[in-house]
Amino acid sequence: MTQPHQAGISAADFENLQASMRGQALSSAAPDYNAARTVFNGMIDRRPAVIARCAGVSDVMRALECGVSRSLPISIRCGGHSVPGFSVCEGGIMLDLTPMSSVYVDPAGKTARAEGGVNWGQFDLETQAFGLATTGGLVRSTGIAGLTLSGGHGFLMRKFGLACDNLISANVVTADGHLLKASGTENPDLFWSLRGGGGNFGVVTSFEFRLHEVGPVTGGVLAFPFDQASQLLRFYDEFSASAPDELGILAVLGTLPNGVKAVVNLACYCGSPEAGAKAVAPMRTAATPLMDQIQTMPYTAVQSIVENFNPRGQRNFWKMVYVKDLSAEAIEIMTSHYARNTAPLTHIVLYTFGGGVSRVADADSAVSYRDARHAVLAVGIWDDPDDDATQIGWVREFASAMQPFAYGGFYPNYDTDTAPDRVELAFGPEKYARLAAAKRRYDPSNVFRLNQNILPRTA
């Protein structure tokens, strides 16, 4: 019999847990243990006492009860893309939902129900078989759970809203081991909290999404010389202000594979090819491009582009700010700051909102700052641990320099700092109070604390 990693769960408890599960309970002696605990961010190196590879809801309940009854840390892994490494705990029980990967599409009703371990690549393959999609993450291996629960940005958000805006219902195992359904009519306080409040309230074992017709898209990459970055970002800001909702776009200050810094535009137009070509035409004439790869392609193809900019296993540290307006001063900070960075994979991303994101009423979900024009995100990526201080310092310096232009708060999925006293900034005081009330009701002991943690306290 393999032994658990450390004290906290006895050999007998480990054996009992394994015997009660349809899936597997992995100890540190298991051949798959190291692969199962490895997550996207190469900086994260934590060793759970047990990795419970859950095959279904009953496995989630049993593994959760095992951990809670022994006061062990609990983490939940879906895609493993949490930059702070929330997916994996030290010395506790990691609930690995990746075996729970079924997606059921109702083409007539234009809905899909997906288990909690599904990633966006799996989800899109199923829904696109019927010419359908919903707003999903820009990297296929990102889990649907972590992205949706914190709001959910994606190429389709300007047309169809955030991922959480398309959530119809969710099944949730709460800290006391009960399975609840959350929707607009069942446990509505929990449903409201799940749409933006992150993984604070339980283990979501399945999601039901609203789908939309999405055929071939007009999408791809445009790259321009970095020495024209200031004028290109000014153009982008003006162009995006009147772009059609069907056009999901972002601008990146990044480094091409040949080592040349560039301004990179990514686009995805979810409409007819003729309308798409017309919509992206101004982007193509903003300057003489170094690269023009925009074309008609399957939606699944455009969803594969961004992952090439951020390969798995690199060291990552991210910070972001929301901005209402992109002033000349803000652009100067972005361009000058990026010009000084020496890590070729590091980049600065300008996400553009509006459209369907801003049309959802602020009170309808826990997501805040829907009226921001853009989010500016510093994505620090490097491979040498000796560069940690330099690269983390660069990201923090950039975020600090952007504060005079910031519209308050931050998006939980884009910030590596995890101090609990900062979390209220992501929601504002009124929404945070409402989330804290839901936390007191569904997780009063703060079992689910490996997240941007909402404390179960009174105001």
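Note that the numbering runs from 1 along the sequence shown for the chain.
- Looking at H153, its side chain never comes within 3.5 Å of a backbone N or O of G151 through a donor-acceptor pair.
- The nearest pair of heavy atoms linking F448 to T174 is CE1-C, 4.1 Å.
- E208 places no side-chain N or O within 3.5 Å of a backbone atom of I168 that could act as its donor or acceptor partner.
- Annotation: cation-pi geometry not satisfied between R340 and W394 (NZ/CZ under 6.0 angstrom from ring centroid, within 45° of ring axis).
- Separation of atoms CZ (R373) and OG (S240) is listed at 4.0 Å; rounding is to 0.5 Å.
- Formation of a donor-acceptor pair under 3.5 Å by the Y104 side chain with backbone atoms of T111 is not found in this model.
- For the pairing with T205, the side chain to side chain contact (heavy atoms under 4.5 Å, CB included) check across E115, M61, M100 returns one residue only, M100.
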Run the side-chain contact (heavy atoms from CB on, under 4.5 Å) check on F160 and C270 step by step: do they pass? CA-CA 10 Å; F160 302 122; C270 57; 4.3 Å; yes

Working note: L455 + N446, criterion side-chain contact (heavy atoms from CB on, under 4.5 Å); need CA distance, chi angles, decisive distance, verdict. CA-CA 7 Å; L455 299 176; N446 204 13; 4.0 Å; yes

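- Salt-bridge check for K319 with D417: passed, with a basic side-chain N closer than 4.0 Å to an acidic carboxylate O.
- Salt bridge present: R422 and D415 bring a charged side-chain N and a carboxylate O closer than 4.0 Å.
- Side-chain contact of Y407 with D371: a donor-acceptor pair under 3.5 Å is present, judged by distance alone.
- A donor-acceptor pair under 3.5 Å is absent between the side-chain atoms of Y411 and the main chain of Y369, judged by distance alone.
- Salt-bridge formation is detected for the pair K110/E213: a Lys NZ or Arg NE/NH1/NH2 atom is positioned less than 4.0 Å from an Asp or Glu carboxylate oxygen.
- A 4.5 Å side-chain heavy-atom check between R396 and F317 finds at least one atom pair inside the cut-off.
- Ion pairing between D245 and R359 holds under the 4.0 Å rule for side-chain N and carboxylate O.
- A donor-acceptor contact closer than 3.5 angstrom is absent between the side chains of W382 and D384.
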Begin from the C-alpha positions of R195 and D364 and carry the test salt bridge (charged side-chain N to carboxylate O under 4.0 Å, His left out) through to its verdict. CA-CA 9 Å; R195 289 176 296 144; D364 283 358; over 6 Å; no

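- Taking the six-membered ring for Trp and the full ring otherwise, Y338 and F398 have centroids separated by 6.0 Å or more.
- Within the model, atoms CZ of R46 and SG of C89 stand 9.0 Å from one another, a figure rounded to the nearest 0.5 Å.
- Side-chain contact between Y269 and V217 is absent, with no heavy-atom pair separated by less than 4.5 Å.
- E90 has no carboxylate O lying under 4.0 Å from a charged side-chain N of R47, or vice versa, which leaves the two without a salt bridge.
- The closest donor-acceptor contact from the side chain of N413 to the backbone of G152 lies at 3.5 Å or more, if one exists at all.
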side-chain contact (heavy atoms from CB on, under 4.5 Å) evaluation trace for M320 with M402: CA-CA 9 Å; M320 65 81 70; M402 289 295 294; over 6 Å; no

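- Judged by distance alone, with hydrogens and angles left aside, the side-chain atoms of N41 form a donor-acceptor pair with the main-chain N or O of V83 at under 3.5 Å.
- Checking side-chain atoms of S445 against main-chain N and O of V447 turns up no donor-acceptor pair under 3.5 Å.
- To the nearest 0.5 angstrom, I9 atom CD1 is 6.0 Å from L17 atom CG.
- Here the side chains of I348 and V379 are not in contact, with every heavy-atom distance at 4.5 Å or above.
- Two residues are said to be in side-chain contact when any heavy atoms from C-beta on lie closer than 4.5 Å; F405 and S327 meet this criterion.
- Side chains of D96 and T98: a donor on one and an acceptor on the other come within 3.5 Å.
- Proximity of S75 to S87: side-chain heavy atoms (C-beta onward) are nowhere separated by under 4.5 Å.
- Using a 4.5 Å cut-off on side-chain heavy atoms (C-beta onward), P385 and R315 make contact.
- Considering every non-hydrogen atom in both D362 and K431, the closest pair reads O-NZ, 2.6 Å.
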Apply side-chain contact (heavy atoms from CB on, under 4.5 Å) to residues L211 and F130 and explain how you reach the verdict. CA-CA 10 Å; L211 303 177; F130 305 97; over 6 Å; no

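- Considering only heavy atoms from C-beta on, L149 comes within 4.5 Å of F207 through its side chain.
- In this structure, Q122 contributes its side chain and N119 its backbone to a donor-acceptor pair below 3.5 Å.
- The nearest pair of heavy atoms linking R113 to S206 is NH1-OG, 3.1 Å.
- Note that CZ of R77 is 12.5 Å distant from SG of C54, once rounded to the nearest 0.5 Å.
- In this structure a side-chain-to-backbone donor-acceptor pair under 3.5 Å is missing from N187 to L190.
- Listed here is the closest heavy atom pair of A426 and P412: CB-CG, 4.1 Å.
- Heavy-atom neighbours of E397 CD from other residues, nucleotides or ligands within 6.0 Å: above the threshold of 12.
- For N341 and Q391, the side-chain atoms include at least one donor-acceptor pair closer than 3.5 Å.
- A salt bridge does not link D165 with R210: none of the charged nitrogens is closer than 4.0 Å to a carboxylate oxygen.
- Looking at every heavy atom in both residues, V306 comes nearest to V139 through CG1-CG2, 4.0 Å.
- The aromatic ring centroids of Y322 and H374 lie 6.0 Å or more from each other.
- Looking at every heavy atom in both residues, T135 comes nearest to G161 through OG1-O, 2.7 Å.
- Ring planes of Y351 and F353: parallel class, angle under 30° (limits at 30 and 60°).
- T300 and Q128 share no donor-acceptor pair across their side chains, judged by distance under 3.5 Å alone.
- For the 3.5 Å distance criterion, the side chains of N200 and Y442 fail to qualify, holding no donor opposite an acceptor.
- Under the salt bridge (charged side-chain N to carboxylate O under 4.0 Å, His left out) criterion, the residue pairs touching residues 58-72 are D13-R70, with sequence neighbours excluded.
- Counted by atom type alone, S358 and R370 present zero donor-acceptor pairs between their side chains at under 3.5 Å.
- Interatomic distance, Y299 OH to L132 CG, rounded to the nearest 0.5 Å: 12.0 Å.
- With contacts defined as side-chain heavy-atom distances shorter than 4.5 Å, the pair L350/L326 qualifies.
- The closest donor-acceptor contact from the side chain of D387 to the backbone of D383 lies at 3.5 Å or more, if one exists at all.
- Residue N310 holds its CG atom at 11.5 Å from CG of L138, rounded to the nearest 0.5 Å.
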